[in-house]
Amino acid sequence: MCQRPDPVELAPELSLELEGVPVAADGGTVLLVSEDALYTSVCGGDAGCQLVAYTRSGLLRYASSYPDGGARSLLAASDAGVVVHAPEGLEAYAPRGSGARLWQASWASLGASEGLPPGAAVASHIALTHEEDILAYVAWRAVPDAGGVDDGGTAPESARLVWLSGREGAGALLGASQVEAWRGEARLGLDVLGTAYLYTVDGRLARVEVSPGVADGGGGRR
């Protein structure tokens with residue numbers, strides 16, 4: 001007969017003094033793990049805001065300052081790069097070496113209006129394909145959302161599911177689909193066949209198709 005063991009206090013195997021205060025948009029991710037590395041986005045001290053990488057044993061791999069010193073929040077990490085949400089768009093940084101920026105895709109290149117005010121664009125979630133391409137749900141509004149936490153805020157004016165190259169021609173827009181702009185935070189997932197699904201914590205679910213080479217409203221929502 002199986003017997004549940006008595007609870008014990010767990011001792012940490014790794015403890016790190018971070019290079020600053022972790023940045024997370026809307027309570028999102030503060031630490032990503034990929035292969036043999038840990039990544040965090042931090043702000044503080046003379047270095048400003050930077051992407052920091054550690055080995056799994058806690059050794060510092062690099063501390064790469066962001067080009068404009070502004071804050072970034074983590075979205076995903078793979079062998080192709082570490083993707084972050086930046087003030088001006090989506091960016092990816094090298095997972096090894098010095099952590100140099102690999103590419104940047106502005107909100108305008110992803111379909112937003114020119115002159116978007118700060119804080120108006122939201123990349124709620126992204127997913128990586130088997131080929132390490134990037135699917136991102138990107139939404140924007142003309143003015144920052146004034147809604148409260150309890151009511152989920154107001155729905156963005158427009159939203160897109162965009163498909164970006166992760167390796168060859170990294171950061172290039174491969175396709176896009178106009179999707180319904182949902183109130184609150186939308187999540188994005190891929191099934192084993194690569195089909196994309198958008199869903200929210202309040203139970204809404206939609207399957208979204210994105211066709212290669214389609215830059216304006218080419219996919220469909222079901």
Side-chain angles (χ1 to χ4, degrees), residues 14-110 112-128 132 134-141 143-145 149 153 156 162 164-166 170-172 185-188:
L14 177 65
S15 179
L16 293 173
E17 186 75 25
L18 297 180
E19 303 293 316
V21 179
V23 177
D26 300 323
T29 302
V30 298
L31 181 70
L32 289 174
V33 181
S34 178
E35 297 297 333
D36 60 344
L38 313 174
Y39 302 95
T40 185
S41 183
V42 298
C43 291
D46 295 337
C49 298
Q50 54 189 338
L51 177 67
V52 184
Y54 300 91
T55 67
R56 284 181 178 266
S57 60
L59 296 177
L60 179 65
R61 274 190 162 183
Y62 65 71
S64 177
S65 296
Y66 297 123
D68 59 2
R72 268 79 165 158
S73 54
L74 298 174
L75 292 175
S78 72
D79 191 54
V82 183
V83 185
V84 300
H85 180 286
E88 301 299 326
L90 299 181
E91 296 177 346
Y93 290 80
R96 300 179 182 83
S98 63
R101 188 168 70 176
L102 300 175
W103 56 263
Q104 187 260 356
S106 68
W107 298 125
S109 73
L110 300 180
S113 301
E114 294 285 354
L116 201 66
V122 178
S124 295
H125 202 61
I126 74 172
L128 302 178
E132 295 184 327
I134 298 106
L135 286 177
Y137 171 81
V138 180
W140 52 86
R141 52 177 59 87
V143 295
D145 186 15
V149 174
V162 297
L164 302 173
S165 173
E185 185 179 4
R187 292 286 182 175
L188 176 63

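Side-chain N or O atoms of Thr40 include one that pairs as donor or acceptor with a backbone N or O of Val30 at under 3.5 Å. Under the 3.5 Å distance criterion, the side-chain polar atoms of Trp103 are left unmatched by any main-chain donor or acceptor of Leu90.
Heavy-atom minimum distance, Ser98 versus Ser64: O-CB, 3.5 Å. Taking each heavy atom of Ile126 and Ala136 in turn, the nearest pair found is CG2-CB, 3.5 Å. The shortest heavy-atom contact between Leu74 and Val84 is CD2-CG1, 4.1 Å. Heavy-atom minimum distance, Gly171 versus Leu164: O-CD2, 3.8 Å. Scanning all heavy atoms of the two residues, the minimum distance from Ser78 to Ser34 falls at CA-OG, 3.4 Å. For the residue pair Leu128 and Ala77, the shortest heavy atom distance occurs at CD1-O, 4.0 Å.
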Stepwise side-chain contact (heavy atoms from CB on, under 4.5 Å) test for Leu14 and Leu38: CA-CA 12 Å; Leu14 177 65; Leu38 313 174; 3.8 Å; yes
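Applying the salt bridge (Lys or Arg N to Asp or Glu O under 4.0 Å) test to pairs two or more places apart or on separate chains, those with a residue in residues 50-65 are Asp36-Arg61. The list of salt bridge (Lys or Arg N to Asp or Glu O under 4.0 Å) pairs with a residue in residues 69-78, not counting sequence neighbours, reads Asp68-Arg72, Arg72-Glu91.
Under the side chain to side chain contact (heavy atoms under 4.5 Å, CB included) rule, His125 has a single partner from Leu75, Leu135, Leu188, Thr29, which is Leu188.
Between Glu88 and Ser106, every side-chain heavy-atom pair lies at or beyond the 4.5 Å cut-off.
One distance of note links OH of Tyr62 with OH of Tyr54; it measures 11.5 Å at 0.5 Å rounding.
With 3.5 Å as the limit, one finds a donor-acceptor pair spanning the side chains of Ser41 and Tyr66.
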